[in-house]
Amino acid sequence: MSGQSTKPLSFIEELTWRGMVQDIMPGTSELLASGPVRGYIGFDPTSDSLGVGNLVQVMILLHFQRCGHQPVALMGGATGMVGDPSGKSAERNLLSEEQLRANLEGQRKQLEKLLDFTPGPNQALLVNNYDWFKEFRFLDFIRDVGKHITVNYMMAKDSVQKRLETGISFTEFSYQLVQGYDFYHLWKHHGISLQMGGSDQWGNITTGTELIRRMEGGEAFALTTPLIKKADGTKFGKTESGNVWLDSSKTSPYAFYQFWLNASDEDAKTFIRIFTIKSREEVESLEAEHAAAPHQRALQKELARDVTERVHGRAEYDKALEASDILFGNAPVDALSRIDEPTLLAVFEGVPQFTVPKSDLESGIPLVELLCDRASVFPSRGEARKLVLAGGVSINKQKVVDPAFVQTTDGLLQGRYLLVQKGKKNYYLIIAD
RNA sequence: GGGGAGAUAGCCAAGUGGCCAACGGCAACAGACUGUAAAUCUGUCCUCUUCGGAGUUCGAAGGUUCGAAUCCUUCUCUCCCCA
């Protein structure tokens with residue numbers, strides 16, 4: 001029961017109550033208290049889309065901006081060519097330059113949507129470290145930068161230590177120096193004095209602050225966020241079908257919405273603090289609401305709404321919500337058949353679809369064949385059969401338990417669609433054409 | 001270089017001539033219960049299957065045997081101890 005919002009929280013206070021601070025370099029909060037600061041976070045272009053895991057860093061930048069500081073997102077056009085050994089147990093494959101460019105472009109678009117780039121004193125900025133590395137000659141680099149850091153210092157880093165047994169190429173070993181130089185460059189030429197990132201970046205960040213100190217006697221700061229894990233200890237950001245991406249062609253808005261909606265109660269409390277900018281009061285009142293009526297899942301719904309809307313926009317959220325209502329709501333079975341065709345197609349946009357000739361369906365297709373050979377719902381007939389017997393398959397929301405069932409055109413929605421449900425949460429649409 | 005231990009399914013791990021497609025556990029998937037939660041209970045979990053079965057596995061290759069994950073030979077790799 002704190003008083004009403006008196007004065008706005010500082011950046012550190014904001015992150016602290018949200019549980020987003022892992023490590024912070026001494027002097028950082030004094031720096032931030034002294035006035036607007038420029039700070040940056042690097043994004044590794046290993047994919048053409050950011051994943052929900054990267055969203056943590058985006059949120060950090062967003063809070064940073066909202067607290068009056070200036071956020072800078074660094075695209076790793078150069079570092080991406082080297083490969084960060086942090087958290088990797090084996091040498092990585094290098095990305096082709098072409099791939100790298102495509103990845104940068106994809107991520108750039110997403111970042112531009114998530115941060116506020118409207119011109120102003122603390123508008124977000126985007127930089128690419130390739131810009132200052134492309135002209136940097138190897139000999140110059142090892143003379144001007146390499147000279148300031150000892151191999152002993154670099155070897156002491158966790159990311160390197162962990163690879164000493166199994167091996168690490170010179171390329172990956174050098175990574176921290178390349179990233180460290182970024183920090184130096186940004187500090188020197190762009191007045192950036194703070195680098196943030198995930199806790200696995202601590203080593204790389206401190207190489208940067210060290211470089212700044214040794215090359216120019218300057219001072220720079222660091223802040224890292226904890227690694228996000230689910231309450232059951234498993235990795236955050238993955239589902240059965242893989243990574244959850246921000247790109248709607250890789251993870252449909254519907255699947256994205258479902259990802260957040262499916263968070264456990266415990267996780268929802270953590271996630272709503274990290275992935276939304278809701279105030280402490282709002283979060284606590286949602287928690288109270290949730291505790292009073294857990295089955296309403298106010299936390300999950302609000303979390304999913306907030307994040308989906310921010311990433312995919314209002315229209316996509318509405319569609320995802322509608323689809324979820326239809327698929328999981330308690331609407332009577334015949335509600336399904338009343339949905340008009342455009343709505344149906346919009347709802348199932350993010351659901352795998354298969355087409356079978358209508359004429360085949362007229363003569364009837366055995367269920368197992370339909371789900372395995374005609375539509376890749378199952379990889380083998382045996383498997384299809386087993387799950388049907390186990391009661392895990394529904395068509396048009398009605399359970400089918402007879403593996404010998406023959407599907408005909410009877411019951412086609414709108415005369416041409418079949419909604420197949422495998423388990424509780426996996427939907428497929430079969431179109432009779 | 002000398003000595004020892006080991007390699008079994010996605011992971012951990014039992015099995016040391018037939019009863020072994022291989023005990024357990026974890027993970028995963030499904031069902032029940034619920035709230036699209038957690039916990040719990042149940043089922044599935046090498047591949048295919050017309051659910052009757054069929055096929056291919058126990059580091060690799062050969063061999064002994066009616067029969068091998070299990071015995072023998074060679075090879076590959078991992079770990080530990082001594083130098």
Side-chain angles (χ1 to χ4, degrees), chain A residues 89-90 164-167 229-244 251-273 275 286-305 307-308 317 319-331 333 335-336 347-348 350-352 364-373 376-395 397-406 419-428:
Chain A
S89 56
L164 249 29
E165 287 285 325
T166 51
K229 272 188 165 179
K230 292 195 280 181
D232 60 10
T234 56
K235 238 188 214 148
F236 165 78
K238 293 222 188 269
T239 62
E240 193 200 321
S241 40
N243 249 18
V244 179
T251 299
S252 70
Y254 163 75
F256 187 84
Y257 176 78
Q258 283 287 323
F259 167 77
W260 297 102
L261 195 69
N262 275 302
S264 68
D265 289 8
E266 212 170 330
D267 287 335
K269 286 181 197 167
T270 317
F271 295 170
I272 204 156
R273 285 168 165 74
F275 296 102
L286 270 169
E287 279 174 352
E289 192 186 322
H290 184 95
H295 60 282
Q296 296 293 332
R297 296 187 307 142
L299 275 172
Q300 284 92 336
K301 284 180 182 166
E302 193 46 27
L303 168 68
R305 184 198 63 75
V307 184
T308 307
Y317 160 72
K319 278 198 258 177
L321 180 66
E322 192 181 359
S324 300
D325 275 348
I326 290 168
L327 296 178
F328 294 100
N330 297 321
V333 176
L336 202 58
V347 159
F348 294 114
V351 156
I365 304 174
L367 182 64
V368 170
E369 184 191 328
L370 178 68
L371 299 185
C372 175
D373 304 334
S376 332
V377 175
F378 291 96
S380 80
R381 291 182 173 203
E383 211 167 300
R385 194 186 177 79
K386 273 179 198 163
L387 201 66
V388 169
L389 282 169
V393 175
S394 297
I395 290 196
K397 300 228 76 170
Q398 280 191 302
K399 212 159 257 193
V400 183
V401 284
D402 176 15
F405 175 76
V406 175
L419 176 63
V420 179
Q421 191 175 2
K422 175 174 98 178
K424 199 171 285 185
K425 296 173 191 169
N426 305 298
Y427 287 93
Y428 305 84

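The sequence lines fix the lettering, A, B, ..., with proteins before strands; numbering per chain opens at 1.
Per the geometry, NZ belonging to Lys399(A) stands 9 Å off C1' belonging to A32(B), to the nearest Å. Spacing between atom CZ of Phe378(A) and atom P of U44(B) amounts to 17 Å, rounded to whole angstrom units. Atom CG of Leu303(A) is separated from atom P of A37(B) by 16 Å (rounded to the nearest Å). Between the P atom of U36(B) and the CZ atom of Arg305(A) lies a distance of 20 Å, rounded to the nearest Å. Atom-to-atom, CG of Leu389(A) to P of G52(B) comes out at 10 Å; the value is rounded to the nearest Å. Between the C1' atom of G53(B) and the CZ atom of Arg385(A) lies a distance of 12 Å, rounded to the nearest Å. Rounded to whole Å, the distance from CG on Leu387(A) to P on A32(B) is 11 Å. In this structure, NE2 of His290(A) is placed 12 Å from P of U36(B), rounded to the nearest angstrom.
Here the separation of A68(B) from A61(B), taken at their P atoms, is 15 Å to the nearest Å. With P as the reference atom, G18(B) and A37(B) are 47 Å apart, rounded to whole Å. Nucleotides C71(B) and C26(B), compared at atom P, are 30 Å apart to the nearest Å. Rounded to the nearest Å, the gap between the P atom of C12(B) and that of U50(B) is 34 Å. Between A32(B) and C51(B), the two C1' atoms lie 25 Å apart (nearest whole Å). When the C1' atom is compared between U57(B) and G2(B), the two are found 37 Å apart, to the nearest whole Å. Taking atom C1' in both U16(B) and A69(B), one finds a spacing of 9 Å when rounded to whole Å. Nucleotides U49(B) and C33(B) have their P atoms positioned 31 Å apart, rounded to a whole Å.
Base contact: Gly382(A) has a heavy atom under 4.0 Å from a base atom.
Comparing atom distances between the Arg297(A) side chain and each of G35(B), A30(B), U50(B) picks out G35(B) as nearest. Residue Ala390(A) has its side chain nearest to A30(B) when only G35(B), A30(B), U36(B) are considered.
In this structure G59(B) sits in the anti conformation; its chi angle is more than 90° from 0.
Using a 4.0 Å cut-off, no side-chain N or O of Asn426(A) falls inside it from OP1 or OP2 of C29(B). Lys386(A) has no side-chain polar atom (N or O) that falls below the 4.0 Å cut-off from OP1 or OP2 of U47(B). Taking side-chain N and O atoms only, Ser324(A) has no distance below 4.0 Å to OP1 or OP2 of U36(B).
Side-chain N/O atoms of Gln258(A) and base N/O atoms of U36(B) include a donor-acceptor pair closer than 3.5 Å.
Considering only heavy atoms from C-beta on, Lys269(A) comes within 4.5 Å of Glu287(A) through its side chain. Counting heavy atoms from C-beta outward, Phe378(A) and Lys422(A) have side chains that approach closer than 4.5 Å.
Taking the nucleotide of RNA chain B with the nearest heavy atom to each of His295(A) and Lys422(A), the more 5' of the two is matched to Lys422(A).
A donor-acceptor pair is defined here as one N or O able to donate and one able to accept, closer than 3.5 Å; such a pair exists between the side chain of Arg297(A) and the backbone of Leu261(A). Put simply, the side chain of Asp267(A) never gets that close to the backbone of Lys230(A): no donor and acceptor are under 3.5 Å apart.
Summarising the base pairing, C58(B) is matched to no nucleotide, lacking a Watson-Crick or G-U wobble pair whose two defining distances lie under 3.5 Å.
Aromatic ring centroids of Phe275(A) and Phe236(A) lie under 6.0 Å apart. Taking the six-membered ring for Trp, Tyr254(A) and Tyr427(A) have ring centres at least 6.0 Å apart.
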*Would you check, one step at a time, whether the test ring-ring contact (aromatic ring centres under 6.0 Å, His included) holds for Tyr317(A) with Phe256(A)?*
CA-CA 10 Å; Tyr317(A) 160 72; Phe256(A) 187 84; over 10 Å; no
*Take Glu369(A) and Arg381(A), measure what side-chain contact (heavy atoms from CB on, under 4.5 Å) needs, and give me the verdict at the end.*
CA-CA 7 Å; Glu369(A) 184 191 328; Arg381(A) 291 182 173 203; 3.7 Å; yes
Can you tabulate the close N/O pairs, meaning under 3.5 Å, that link protein atoms to atoms of nucleotides 38-40 of chain B?
none

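With rounding to the nearest 0.5 Å, the separation of NZ in Lys301(A) from OG in Ser324(A) is 10.0 Å.
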